[in-house]
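Since the structure comes first, as structure tokens, the remarks are kept for the end.
Throughout, numbering of the chain's residues begins at 1 and tracks the sequence. Only a predicted model underlies this, so the values are computations on that prediction, with no experimental measurement involved. Indexing begins at 1, ligand by ligand and atom by atom, following the structure's order.
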Amino acid sequence: MPPLPRRSARLLLLHILSLPAALADSIWAGGPCLSACQLALNQVHFADTPVPASFLVRRCGTKLGVKSLFLCAELYCQDEDFVGGLASLNETCRTVDLPLPPLGIIAEYTDEEWEQVRRLEAGEAWGVVFNEPILPVKKFLGVAWDTLDAVDYVGGYHGFYANMMFWYWTAVVLIGVLRHTLHSLTTQSHGTSPRDPPQDPDAETLILKSQPRRRDYPSLYLRRFVTVPATFGYRCLQNVGWCTIPPRVESLTILLFAILNVGFCIHGYMIVDGNLYFGDVSDQLWRYVSDRTGILSWANFPVIFLFGMRNNLLMQLTGWDFGTFNNFHRWIARIATLQAVIHSVGYTVIVLKGIGGLAATIGMCGLLVASVFWLRRNLYEGFLIIHIVLSIIVLITMLLHVSIFGGEYDYPFWICTFIWIADRVLRVSRVLAFNPWFWNTRAELTSSLASNTVRLVVSCPNSVYKPQPGTYYYIYLLSATRFWESHPFTMAYSSRGHDPSEMESVSLLRDSASPPPTDASPPSLTFLIRPYDSFTARLRSLSASKPISPRVLIEGPYGTTHPLDQFPHVLFITGGSGIVTPLAYLSLLNRSPLVRSVRIIWSVREPGFADEVLREDIRDGFRDGKVSMDVFLTRGADGPLDPDGGWPKNVSVVVGRPDVTSEVQAAAQGAAGGRVAVVTCGPAKMADDSRRTVVEMLAAGFHGIEYFQEAFNW
Ligand SMILES: Cc1cc2nc3c(=O)[nH]c(=O)nc-3n(C[C@H](O)[C@H](O)[C@H](O)COP(=O)(O)OP(=O)(O)OC[C@H]3O[C@@H](n4cnc5c(N)ncnc54)[C@H](O)[C@@H]3O)c2cc1C
Ligand SMILES: *[C@@H]1O[C@H](CO)[C@@H](O)[C@H](O)[C@H]1NC(C)=O
Ligand SMILES: *[C@@H]1O[C@H](CO)[C@@H](O)[C@H](O)[C@H]1NC(C)=O
């Protein structure tokens with residue numbers, strides 16, 4: 001058994017005795033032997049003990065007790081333990097004006113007198129008042145020693161396992177960073193890889209599947225069995241009853257974490273027969289397990305906070321999206337809540353105190369209940385407010401709860417608070433980066449009944465950054481009630497008015513009466529928004545009768561740009577407003593010399609929406625002729641369809657639903673073993689279908705296929 005730090009043992013003691021830290025600190029300041037003497041003698045009631053009085057006064061104020069301590073130390077303890085320990089105990093006792101007598105009071109003891117000192121067995125102290133100094137027998141002292149040793153041992157593991165919570169996620173994130181770095185390096189080299197299928201289209205059809213290189217096997221198997229599939233094969237974005245189940249890698253990561261937590265709650269205890277603090281075995285276990293779960297729960301707080309924030313730098317470093325961290329956030333919080341429940345139940349069983357902790361636990365349970373999928377889905381704003389308020393309450397009650405440790409256990413509170421404040425500061429700086437004159441950011445808001453969409457165009461002449469494809473932005477509507485609400489939307493495309501050569505798809509205003517945009521028009525971002533019940537419904541009703549230009553805040557950019565321009569073939573599977581994702585990437589893909597074909601499958605309910613997007617947003621994206629698109633009208637084509645007037649070429653319109661599975665299969669086969677990116681952005685079932693097919697194609701030997709997903713809900 002490696003020596004474990006005494007420090008954590010002391011923390012445990014504090015919890016047990018609920019003593020002010022400074023005091024308990026010095027009471028056990030001696031070496032282990034002197035501490036064992038003290039612990040043994042604490043069981044004894046001496047006649048001259050001042051009562052009622054504080055623990056310290058009682059310890060220092062009894063002459064008989066102090067004499068017994070001197071005798072015990074003299075008999076059993078080594079010199080250094082003895083002298084140094086007594087000196088510091090003396091110092092503590094002087095703080096209550098009860099200095100210890102000089103050691104000389106036992107120096108005169110003759111052998112005979114030593115013999116006459118009453119010896120005490122462990123069981124004999126209970127319920128008797130002693131009018132003479134006593135000496136615990138060796139066995140009694142041994143029990144005291146073992147008790148302290150056990151507390152030390154268990155406390156050491158408390159601290160060790162609490163640190164492991166942090167190191168586990170550090171390791172996970174490091175793996176993510178490593179993978180991300182390697183991936184971006186290999187993706188660059190892949191682009192020019194000689195193994196890519198030859199340019200000659202005839203040759204291309206000959207090889208259906210190519211043999212993967214030997215060094216590609218690990219990555220192939222990893223993708224096929226671990227990183228791409230849903231946990232149980234199919235359902236991933238779709239809910240299962242009241243929950244959603246993360247993809248398999250995430251589930252495995254969470255499962256391993258859960259198993260470690262179970263192990264950490266079970267292992268690392270030492271049971272002492274006749275333990276002087278807690279008595280029988282079940283009492284000891286309750287106490288240790290309650291402390292362990294409480295400490296682990298609290299140790300999980302910083303990670304929970306970090307992973308739940310919008311501005312989590314780890315997202316950039318690992319390339320994992322908010323959804324991934326959000327899944328971790330949720331599961332760590334669930335585990336921490338369970339630990340808090342065990343902690344509180346334990347302490348309720350032992351003593352009916354620790355009410356502060358109980359309140360925090362109730363708050364955490366409330367958080368859990370208030371975060372069920374149903375509530376997040378149906379009452380997002382309500383969920384958010386409850387979540388924030390309860391989090392603050394939990395954090396503060398926790399701080400009060402651990403305040404008995406005199407500050408030593410406060411640090412999770414400060415880390416969480418810091419993370420929270422940093423997130424808010426970063427949010428503000430993102431808003432400022434978009435427009436330093438943020439109060440004056442105007443948007444053009446138009447909505448159309450036929451297309452059931454709201455179009456929001458924000459000019460961004462002052463933006464510090466250049467908006468990249470695949471990024472999303474939180475939009476606040478300032479000129480409305482509930483200006484604090486913000487909702488995420490993916491940029492459909494940007495147009496940069498000051499640089500005509502880079503003008504990709506210019507469509508500033510839906511209003512056809514407005515003059516066509518000129519090179520002088522300000523640069524802008526366009527969002528296409530599907531209205532639902534709350535925020536988006538307000539956007540629609542505000543602009544229902546005529547276009548308006550409200551004040552907005554744009555907080556961004558968030559999200560990462562996938563390296564789709566490194567793939568010779570790209571397939572987008574999109575539904576409804578998910579079309580914004582291909583729109584955003586089109587200019588990048590058109591520019592990339594590596595990209596040879598881009599196929600977009602778009603299923604959309606309203607013919608009017610299809611018409612609007614094809615006419616206004618996508619036209620220029622088709623210039624290079626490598627893009628083709630199938631529009632599936634799932635509600636029939638009785639709208640204002642006009643395929644010959646103003647629609648780009650290479651668009652075909654089909655009435656009905658797309659067959660996602662066969663589209664993905666066709667893309668894999670068409671690429672002939674070369675690299676294909678399958679990108680989904682649409683309804684949950686659509687995403688899950690294509691994810692599953694990608695895994696099947698990987699299994700069938702099409703090793704060049706990769707899966708990307710842009711989810712519009714977390
Ligand atoms: C990264 C990302 C990009 C998105 N891009 C687009 C886009 O380009 N076009 C588009 O039409 N929609 C997009 N969405 C979806 C859009 O954010 C929601 O439809 C919108 O927030 C719903 O607001 P509501 O209050 O009107 O709807 P409600 O009727 O209250 O909710 C409808 C759905 O939206 C979810 N939702 C509500 N508020 C939020 C929020 N603040 N954050 C996350 N989810 C929320 C709810 O869980 C629910 O499933 C995107 C979502 C995400 C996460
Ligand atoms: C404790 O301190 C007092 C002085 O304040 C001193 O006289 C006494 O000898 C000390 N006792 C021990 C055991 O060190
Ligand atoms: C687009 O259409 C043209 C003819 O209209 C055709 O030659 C070309 O191959 C098509 N491109 C794609 C990617 O389908």
For [Y], is there an ion pair with [X] - N to carboxylate O distance below 4.0 angstrom?
{"X": "Glu381", "Y": "Arg482", "value": "no"}
{"X": "Glu132", "Y": "Lys67", "value": "no"}
{"X": "Glu444", "Y": "Arg455", "value": "no"}

Between the side chains of [X] and [Y], does any donor sit under 3.5 Å from an acceptor?
{"X": "Thr324", "Y": "Glu250", "answer": "yes"}
{"X": "Tyr465", "Y": "Gln468", "answer": "no"}
{"X": "Tyr473", "Y": "Thr471", "answer": "yes"}
{"X": "Asn311", "Y": "Arg424", "answer": "no"}
{"X": "Asn590", "Y": "Ser587", "answer": "no"}
{"X": "Asn42", "Y": "Arg59", "answer": "yes"}
{"X": "Thr95", "Y": "Thr92", "answer": "no"}
{"X": "Tyr707", "Y": "Thr680", "answer": "yes"}

Any Phe489 heavy atom less than 4.0 Å from ligand 1: yes
Whether Phe307 and Phe325 hold their rings parallel, tilted or perpendicular, with breakpoints at 30° and 60°: perpendicular
Parallel, tilted or perpendicular: ring planes of His487 versus Tyr380, cut at 30 and 60 degrees: tilted
Among Leu86, Leu98, Asp97, Asn90, closest by any non-hydrogen atom to atom 3 (C) of ligand 2: Asn90
Atom 19 (O) of ligand 1 touched by protein (heavy atom, under 4.0 Å): yes
Under-4.0 Å heavy-atom contact between protein and atom 14 (O) of ligand 2: yes
What residue and heavy atom of the protein are closest to [atom], and at what distance?
{"atom": "atom 48 (C) of ligand 1", "result": "Arg377 O, 3.1 Å"}
{"atom": "atom 27 (O) of ligand 1", "result": "Tyr532 CB, 3.6 Å"}
{"atom": "atom 50 (C) of ligand 1", "result": "Pro488 O, 3.2 Å"}
{"atom": "atom 51 (C) of ligand 1", "result": "Phe712 O, 3.1 Å"}
{"atom": "atom 8 (O) of ligand 1", "result": "Thr490 N, 3.1 Å"}
{"atom": "atom 30 (O) of ligand 1", "result": "Ser534 CB, 3.6 Å"}
{"atom": "atom 21 (O) of ligand 1", "result": "His487 ND1, 2.6 Å"}
{"atom": "atom 5 (O) of ligand 2", "result": "Arg94 NH1, 3.1 Å"}
{"atom": "atom 47 (O) of ligand 1", "result": "Arg376 O, 2.8 Å"}
{"atom": "atom 9 (O) of ligand 2", "result": "Pro102 CA, 3.3 Å"}

Contacting atoms of ligand 2, where contact means under 4.0 angstrom from a heavy atom of Leu100: 1 (C), 8 (C), 10 (C), 11 (N)
Per-atom contacts, ligand 2 versus Pro101 - under 4.0 Å to a heavy atom: 11 (N), 12 (C), 13 (C)
[X] contact mode with ligand 1 (heavy-atom cut-off under 4.0 Å):
{"X": "Tyr472", "value": "side chain"}
{"X": "Val580", "value": "side chain"}
{"X": "Leu528", "value": "backbone"}
{"X": "Ser486", "value": "backbone"}
{"X": "Tyr380", "value": "side chain"}

Interfacing atoms of ligand 1 (cut-off 4.0 Å, heavy-atom, Arg530): 10 (C), 11 (O)
Those atoms of ligand 1 less than 4.0 Å from some heavy atom in Ser577: 9 (N), 10 (C), 11 (O)
Ligand 1 N/O within reach of Ile529 N/O, cut-off under 3.5 Å: no
Trp602 (side chain) donor-acceptor with Gly575 (main chain) under 3.5 angstrom: no
